[in-house]
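Single-structure report; data block below.
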Amino acid sequence: MRSLPARLAVTAVAFVALAPVSAVHAAPPPATLRDVPLPFLWPRAGVYSVAAVSDTEAWFAGVQGFVNEPGGNPVVRRRMGSEWREYPLRGWSGSGGIQEVVAHGGEVWVWGVQDGTRLYLARFDGTAFQPVTPLSEDVYAYGTRLWAGPAGVWLQIKVVGSDSVIRPELYRRVGDAWTADPLAGQLQGGLPDLNARSATEAWTGSCRYNADAGRLESVALRWNGSTWAALPPLPTEHCVGSVAPAGGGAVWALAWDTLYHWDGTRWTSAPAGPFDGEGEKVRLDKDGNPLVVVGHTIKFAPVPPLRYAGGAWQRFTTPGGTWTSDLSVAPSGRIWVTGSTRIDSPVALTSP
């Protein structure tokens, strides 16, 4: 998800400007994606989110029959082999779409917005999605974020206070309850992303105010199972919008227009890529190479996924012009992508 850039003074840290970061493993396979035939959807449909499970299974979410806000009907579909499956969304009412689906270790969750205002949060029980009561009724629904991974399920909501100020709140699912985490309130706008490698290693990033220095700083933070610790600030005036941990204390951090790498000692930046802004999401392929999603809201040309490997950028080849909305990598390494075409038709893609 996109993190709005924020101006801050550039902090002096151990950093090598525009130092090419070598490929982590062997040369990557060709950057190609093939079409995944979508199930029947009503006209004016869109697929916004994908959650990879395996080479043959992934979840997709979006809307169909959309005309204008808050319109349309929710879409959640499960791709299994060559088949599509649909399950009831219990407790859904009104019009609107599903904004996000996440899946890991048998846990599948979705959230959407009903009638433009009401948050819908649900968990898959094997036969249907069962609603989970929101933690607050005074929520700005579109500000919701949801993550699932080895460190469990995390939820961020934007709560409207009595003073009408919207504040982020972060929670982690423990058993059948939510446990509050104070980090969101310490970051500008909360967490734009959360990515975990294990039950005791999760990462995020954003901007945080440094009271001693009297300025905002772009930061990446690591969770050790109980507390968060920040790395030295990134040498950029833009907030970290997405992270991809690489193991051994290393992490990739995507800011507005640059991809950075922390090797445990210093920050380095990848060479300027085929994008000059709108960097939204970074994940790693099976060889540890960063995959980047670039926002398409104001782009007039197709923006397929990008890969940084061997010190150079690759642009994925797709069956047609594709604007990317989301990307997910299965544990086996298969890449799944959602997006749209030049005529705004929904697209689902996967690697060979």
Side-chain angles (χ1 to χ4, degrees), residues 1-2 4 35-51 58-79 84-102 108-122 124 128-132 134 137-146 156-158 160 166 192 278 280-281 293-305 318-328 336-349:
M1 299 292 178
R2 183 178 303 125
L4 294 178
D35 184 61
V36 177
L38 286 167
F40 172 77
L41 298 173
W42 299 355
R44 302 297 301 273
V47 281
Y48 306 143
S49 177
V50 59
W59 291 83
F60 294 80
V63 68
Q64 60 182 346
F66 174 83
V67 178
N68 49 49
E69 293 287 357
N73 289 270
V75 168
V76 179
R77 300 289 190 272
R78 184 185 192 183
R79 178 76 172 182
W84 288 98
R85 300 184 183 181
E86 183 179 5
Y87 303 92
L89 293 168
R90 307 290 189 200
W92 176 278
S93 64
S95 60
I98 298 297
Q99 301 294 314
E100 190 175 18
V101 57
V102 299
V108 183
W109 290 69
V110 299
W111 73 269
V113 181
Q114 305 163 110
D115 293 331
T117 57
R118 294 178 291 114
L119 174 63
Y120 177 80
L121 178 66
F124 185 59
F129 284 90
Q130 302 295 342
V132 176
E137 294 184 359
D138 297 319
V139 172
Y140 170 61
Y142 285 105
T144 305
R145 297 292 181 268
L146 191 60
Q156 182 175 263
I157 57 176
K158 297 290 185 73
V160 182
I166 299 176
E278 302 271 342
E280 285 198 347
K281 186 175 185 178
V293 173
V294 179
H296 63 282
T297 304
I298 61 173
K299 300 296 182 183
F300 296 100
V303 187
T318 63
T322 300
W323 282 260
T324 308
S325 59
D326 196 15
L327 178 150
S328 182
W336 296 83
V337 173
T338 57
S340 60
T341 67
R342 289 181 182 273
I343 59 174
D344 207 25
S345 296
V347 170
L349 304 168

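Here the straight-line distance linking atom CH2 of W323 with atom OG1 of T338 works out to 15.0 Å at 0.5 Å rounding. Residue R77 holds its CZ atom at 11.0 Å from CD1 of I98, rounded to the nearest 0.5 Å. Distance check, rounded to the nearest 0.5 Å: CZ of R90 to CD of Q130 gives 6.0 Å. Here the straight-line distance linking atom CG of L89 with atom CD of Q114 works out to 9.5 Å at 0.5 Å rounding. Expressed to the nearest 0.5 Å, how far OH of Y140 lies from CD1 of I157 amounts to 14.0 Å. Taking NZ of K158 as the reference point, atom CZ of R145 lies at 6.5 Å (rounded to 0.5 Å).
For the pair W336/R79, a side-chain contact is recorded, criterion being any heavy-atom separation below 4.5 Å from C-beta on. Residues V337 and L327 are in side-chain contact: their nearest non-hydrogen atoms beyond the backbone lie under 4.5 Å apart. Counting heavy atoms from C-beta outward, L349 and V36 have side chains that stay 4.5 Å or more apart. Side-chain contact between R118 and S93 is present, with heavy atoms from C-beta onward closer than 4.5 Å.
The two atoms that bring G71 and V63 nearest to each other are O-CG2, 4.0 Å, heavy atoms only. Heavy atoms only, all atoms of each residue included: P131 and Y120 are closest at CB-CE1, 4.4 Å. In plain terms, the two heavy atoms of A141 and V113 that are nearest each other are CB-CG2, 3.8 Å. Residue A45 comes nearest to P346 through the heavy atom pair O-CD, 3.5 Å, listed as atom of the first residue, atom of the second, then distance.
The ring-ring contact (aromatic ring centres under 6.0 Å, His included) check on F124 picks up W59, Y87, F129, with sequence neighbours excluded. Shown here are the side-chain hydrogen bond (donor to acceptor under 3.5 Å, both in side chains) partners of S328, two or more places apart in sequence or in another chain: there are none. Not counting sequence neighbours, E137 has no partner by the salt bridge (Lys or Arg N to Asp or Glu O under 4.0 Å) test. Considering only residues two or more places apart in sequence or on other chains, W109 meets the side-chain hydrogen bond (donor to acceptor under 3.5 Å, both in side chains) condition with E107. Among residues two or more places apart in sequence or in another chain, the side chain to side chain contact (heavy atoms under 4.5 Å, CB included) test is passed with T117 by none.
Looking only at distances, a side-chain donor or acceptor of W84 sits under 3.5 Å from a matching main-chain atom of P37. Using modelled atom types, no side-chain atom of R342 and backbone atom of P302 make a donor-acceptor pair closer than 3.5 Å. When atom types are taken as modelled, the side chain of T322 and the backbone of G320 share a donor-acceptor pair closer than 3.5 angstrom. Within the 3.5 Å criterion, the main-chain N or O of S95 finds a donor-acceptor partner in the side chain of D115. K281 contributes no side-chain N or O that, together with a main-chain N or O of V294, makes up a donor-acceptor pair within less than 3.5 Å. Judged by distance alone, with hydrogens and angles left aside, the side-chain atoms of E280 form no donor-acceptor pair with the main-chain N or O of V293 at under 3.5 Å.
Checked against L121 for a side chain to side chain contact (heavy atoms under 4.5 Å, CB included), the options V132, T144, V139 give a single hit: V132. Of the residues listed (V50, L146, V110, V75), the one engaging V101 in a side chain to side chain contact (heavy atoms under 4.5 Å, CB included) is V110, and it is the only one.
Sorted by first then second residue, the side-chain hydrogen bond (donor to acceptor under 3.5 Å, both in side chains) pairs that include residues 39-48, not counting sequence neighbours, number zero.
A donor-acceptor pair shorter than 3.5 Å can be found between the side chains of W111 and E100.
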